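Here's the structure, in structure tokens; my notes come after.
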Amino acid sequence: MPFENEKMETMPRKELEEYQVKMMRSVAKHVYENNEFYRRKFKEKGVKPEDIKTIEDISKLPFTYKKDLRDNYPFGLISVPFEDVVRIHMSSGTSGKPTAVAYTVKDIDTWATLIKRSMIAAGADSSDIVQNMYGYGLFTGGLGFHYGAEKLGAKVIPMSTGNTQRQIEVMMDYGTTVITCTPSYAMFLGETMESMGIDPEKDLKLRIGFIGAEPWSKKTRERIEKKLGLTAHGGGAYDHYGLSEMCGPGVGAECTAQEGLHIWADHFYLEVVDPETGEPVSEGEKGVMVMTNFTKEAMPFIRYWIGDVTIIDYEPCECGRTHPRLPQGILGRADDMVVVRGINVFPSQVEFVLMKFPELGEAWQMIVDRKGTLDSLEIEVERKEGIQVTEELKSRIQEELKSYLNIRAELIIKEPGTLPRYEGKAKRVIDKREFA
Ligand code: DLL
């Protein structure tokens with residue numbers, strides 16, 4: 001089984017922990033000595049870098065929040081001399097003020113190595129032709145995968161998002177074997193192939209998809225693998241996780257066992273905590289992710305409160321990798337959750353239920369509104385081409401939704417091709433309520 005760095009990827013857990021403590025102490029020292037914001041935060045908490053001696057000591061360090069990133073926009077969290085910065089990525093965010101992240105030459109190289117590692121874990125190699133359909137530009141997906149795939153020695157076609165028919169023609173002309181995109185776009189690609197009369201199993205050579213940047217369920221995986229002919233060519237669709245604040249993509253990836261995301265623990269220290277108390281949850285329990293990128297130079301984040309919801313598992317994987325795994329991937333973002341009539345509803349739960357029904361297509365959205373004093377929840381989804389929507393089918397789906405969400409939702413089954421399609425991350429929740 002090939003590895004990017006076998007020693008680090010399969011290091012026994014105890015040894016890995018010792019390594020992490022050493023690296024956490026070193027990154028704490030780096031930001032303490034070079035960044036005013038962190039020095040102040042450490043002092044407020046009464047902690048010094050040299051206090052980090054055991055894995056438990058890490059919880060003495062302060063959390064960093066998205067708000068800190070915004071408040072210090074654009075360059076306040078940089079921990080190296082500005083002349084050492086060679087790249088800046090930015091995200092517009094939903095609440096107005098953008099956030100920016102910065103990289104040194106070494107950071108760009110580390111990032112590419114992590115993508116290379118992730119690609120190797122899923123069985124890609126230098127013979128692959130990689131059609132990179134993540135957006136190039138301020139989003140980290142495009143350039144992240146670009147440099148990683150080049151480092152692997154693969155042949156990169158830098159397509160970026162959009163122009164779907166052209167994407168498919170390029171796949172045919174070049175014999176693309178690997179694609180990178182969001183799950184929403186992967187589904188749209190599949191639909192477009194169908195409408196162009198292309199059979200991906202016969203007409204294309206796609207075998208591996210690096211699919212990520214938004215939540216997707218195992219049922220969605222099956223659909224993508226089938227629609228794009230990935231399994232027919234001996235590969236599959238592999239979940240890929242990351243966020244700009246840590247580097248971009250390359251934080252965690254699935255191996256060929258498809259048993260969940262491996263979080264690359266020789267670069268990232270992951271904690272899964274209770275969203276109310278910030279204390280670690282027990283293994284196997286749901287919590288929100290907090291992460292430190294201890295090998296980043298330009299802009300390391302100490303205990304960054306990501307807010308993605310997950311469950312952590314420390315059992316080594318059958319591939320031999322020992323790094324912590326997220327067997328169910330990312331269950332959603334704590335802040336994507338909508339509260340409807342007092343019940344917490346995650347878009348990922350809705351997707352999980354809808355994708356179980358082969359009669360339904362892949363496009364869907366949920367609309368939350370307030371009628372009088374009561375919240376309403378409508379779920380719109382398309383039927384598959386050629387499917388007759390009966391009352392019996394509708395009530396089966398509605399029952400299943402009710403049993404998963406604990407709330408009654410109005411189900412509207414729409415004609416194929418009538419709901420929005422997305423080239424990047426999909427927008428699944430439309431909240432029309434006005435909060436005073
Ligand atoms: O989405 C980086 C990326 C690019 C990851 C390409 C994977 C592939 P941001 O735009 O900063 O970075 O968004 C980060 O997206 O906190 C999650 O909420 C969500 N996310 C990313 N990957 C996954 C995934 C990129 N595999 C935010 N499953 C994260 C679920 C994901 N959610």
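One-based numbering, in listed order, for ligands and for the atoms of each. Along the sequence shown, residues carry numbers from 1. Only a predicted model underlies this, so the values are computations on that prediction, with no experimental measurement involved.
Between Y134 and ligand 1, no pair of N/O atoms sits closer than 3.5 Å. Where the criterion is an N or O separation shorter than 3.5 Å, residue side chain and backbone included, A213 meets it with respect to ligand 1. Note: no N/O pair closer than 3.5 Å links W216 and ligand 1 by distance alone.
For atom 25 (C) of ligand 1, the nearest non-hydrogen atom of the protein is G242 O, 3.6 Å. Protein heavy atom closest to atom 28 (N) of ligand 1, with residue, atom name and distance, is E214 O, 3.3 Å. Nearest protein heavy-atom contact of atom 29 (C) of ligand 1 is D308 OD2, 3.2 Å. For atom 11 (O) of ligand 1, the closest non-hydrogen atom of the protein is S244 OG, 2.6 Å.
Taking the centre of each ring, F145 and Y134 come in below the 6.0 Å mark. A ring-centre distance under 6.0 Å is not found for F294 and H267.
Looking at K425 against ligand 1, only its side chain comes within 4.0 Å, counting heavy atoms. Neither the backbone nor the side chain of T180 comes within contact range of ligand 1; no heavy atom lies under 4.0 Å.
D109 and K151 are joined by a salt bridge, as a carboxylate oxygen and a charged side-chain nitrogen come within less than 4.0 angstrom of each other. The residues R321 and E9 are annotated as salt-bridged, a charged nitrogen and a carboxylate oxygen being separated by less than 4.0 angstrom.
Annotation for ligand 1: atoms under 4.0 Å from non-hydrogen atoms of R333 are 16 (O), 18 (O), 29 (C). Atoms of ligand 1 found under 4.0 Å from any heavy atom of I306, numbered from 1 in the order shown, are 16 (O).
Comparing heavy-atom distances from atom 4 (C) of ligand 1 across F139, F210, Y238 singles out F139 as nearest.
The backbone N or O of G260 sits less than 3.5 Å from a side-chain atom of E254, completing a donor-acceptor pair.
Using a 30° and 60° split on the angle between ring planes, Y103 and W111 fall in the parallel class, below 30°.
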Side-chain donor/acceptor pairs under 3.5 Å, residues 79-88, sequence neighbours excluded:
residue : atom : partner : partner atom : Å
R87     : NH1  : H89     : NE2          : 2.9

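Evaluation of the salt bridge (charged side-chain N to carboxylate O under 4.0 Å, His left out) rule for K45 yields no partner, not counting sequence neighbours.
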